[in-house]
Amino acid sequence: MQPRSRLAHSRPSEATGKSMGTRQFDPYFSHWADIAARRVLDAHPDTDPIVVAAGITPSGVVHIGNFREVMTVDLVARALRDQGVPVRFIYSWDDFDVFRKVPADAPQKKMLEENLRRSVADVPDPYGRTDSYASHHIERFEASLVPLGIEPEFIRQSRRYRAGHYAHGIRRALEKADLIRSVLDQYRKEPLPGDWLPLAGFCGACGRDEVDFSWDGEWSVTLSCRDCGETTAVDLREGGDVKLPWRIDWPMRWAFEGVCFEPGGKDHSSAGGSFDTAKQIVGPVYGGVAPEYVAYDFVRLKGLGGKISSSSGGVVTVADCLRVYEPEMLRWIFASQRPNSEFQISFDLDVIKLYEDYDRAVALAYQPDDGSRKDKKRQIVRRTIELSSVVPKRIEAGDRPTRVPSFRPLSMILQIHDGDVERALAHYESRGEVETPAERERFRVRARCVWNWILDFAPEEFRYRIRSTPSPKPLEGEARAVLERLVGILEENPEITESELISHLKTLCDDTDLTPRDFYPFAYDLLIARPKGPKLSTLLTTMGAERALPLLRAGLG
RNA sequence: GGGCGCGUAGCUCAAUUGGCAGAGCAAGUGGCUCUUAACCACUAGGUUCGGGGUUCGAUUCCCCGCGCGCUCACCA
């Protein structure tokens, strides 16, 4: 059966992949996002476009854990599009949610406390920049997605509800209240009361959510505020401060948008969790089907030296991560982990290892297949790298990756240049290691990340600065004699290359009782005020004789 | 109490829908007269938690047990 003819660039394996009931290994479908995409297509063979959805409550700083939801959907959306399928990616901001708790680090705590129990869309922005508390967090998060190439269609649920978009959905829930109640009661410790209505909302006068509801059996809902005593009538068709509780809201919106794929955090995913009840509600109440589902695990944090994020309490945002990780790497970190596995985002020395792992993966991805057993691994890595690209792309035979320096040497070169990205770039260009415009751009992105890491997270032994004023302490004895030789070498040949310098360094201590190991600490102390440092030959040639000589001569008194 | 996930080399994890159990780091050996968790080459390292089952073949699938973690039983 040929389910659809929309394979824009159909692959040979599409034609031959199924035979005798077994499916050949197809590297293009090796990734979990590809497998999820295929599941979606199997379940929705005639849907066009395929709707994929993510959603978050902006009840506080939107952090890197929340990001996993968006990233998961983006990867599946990418996988679907790579099969030539039109995709609509909607991102639902559940900003019609109750403001329950003032974050520990928020400004204007008193103002915020006075706004508890109101909708986060109605609480003022304590930072005074946007029209609401919700908008503040929403705007920051949306902006942080741009460098990652994630461009969903954002939907503010507060506006949808208030505009009456969901009138039929709410009415349908009211009509089926008994059914919904019985679904929910299966898992509740305390059954819902017999007169329970599937409604939530905010008082029209004070804006708080401590309201009782009544329904006239048609389009009119009345809210009675337990707080201020006010009574508000809402015509569902016109919209107002009435919404469905989360467990009903979710399936209603599945049906409304025709969602084909939506992941959920593990808190939604267990038996009796909101996905479980939602999928029991969506059919009988809304005549819809539950989307294909992926449960994702949490993201943990590691190695925070206390300097991340304006917000305390270990909240790390996407923007925080992008200070240290290149956009492709951040995508890669999520793309290379299965969604149902928990992992850590690290800011300590793991960062170096991750950069090395990533560079290795890129190198492997661009290696041509050679028919050996390693091809499988290459293909999987290649697909993961493709999905990690900010701009969608295929890696074809003969493609070359954009060159970029390794993290560790770059961190050294940057420090020698006091964090000046352009001077460090000039250094790499002079060695022919950065040449094209693409390489220059790539270099700048990585260099900024490296420098941010040095500033915020590198352990002390990793950091150094070249002395701005020469050491006041001259050397004595043989150390001084060796230093004189070194100064002589640099004076004689200020443009000395690193390899030339190495051959000199090997004989530097000849005819003395010192070994290089004994002498180097003196040199490092003169240059960077520390007993150890980057490989001396690299340090001297990179900083240049012009800069090194005054510091070294200080050791001669 | 229900559900989900995990358990593989000293550590962190892979293993492509069942087909020779692999990487990185750590360790050991050799090399580079020495450099930030240096680099290169090589070596070693495993009863895949335990016990059954299905299969020509199980890390993978099924059942039982043990251990660990998370989650729902309030709200979202």
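Within every chain, numbering begins at 1; the chains are lettered A, B, ... in the order of the sequence lines, protein sequences first and strands thereafter.
Counting non-hydrogen atoms under 4.0 angstrom, A:Ser269 reaches nothing in the nucleic acid. Within 4.0 Å of A:Arg100, counting heavy atoms only, lie sugar-phosphate atoms of the nucleic acid but no base atom.
Contacts of A:Arg226 classified as salt bridge (charged side-chain N to carboxylate O under 4.0 Å, His left out), with partners at least two apart in sequence or in another chain: A:Asp212.
Atom CZ in A:Phe298 sits about 12 Å away from atom C1' in B:C4, given to the nearest Å. Atom CG of A:Asp297 and atom C1' of B:C68 are 14 Å apart (whole Å). Here the C1' atom of nucleotide B:C75 and the CZ atom of A:Arg247 are 9 Å apart, to the nearest Å. Following rounding to the nearest Å, A:His268 (NE2) and B:C4 (P) show an atom-to-atom distance of 18 Å.
A distance of about 26 Å separates the P atoms of B:A9 and B:C64, rounded to the whole Å. Taking the P atoms as reference points, B:G45 lies 24 Å from B:C39, given to the whole Å.
A salt bridge is absent between A:Arg118 and A:Asp209; no separation between the charged side-chain nitrogens and carboxylate oxygens falls under 4.0 Å.
A close approach under 4.0 Å does not occur between any side-chain nitrogen or oxygen of A:Arg382 and OP1 or OP2 of B:U16.
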Check nucleotides 12-15 of chain B for protein N or O atoms closer than 3.5 Å to its own N or O atoms and list the pairs.
{"from": "B:A15", "atom 1": "OP1", "to": "A:Arg338", "atom 2": "NH1", "distance (Å)": "3.4"}
{"from": "B:A15", "atom 1": "OP2", "to": "A:Arg338", "atom 2": "NH1", "distance (Å)": "3.1"}

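Using a 30° and 60° split on the angle between ring planes, A:Phe275 and A:Tyr293 fall in the parallel class, below 30°.
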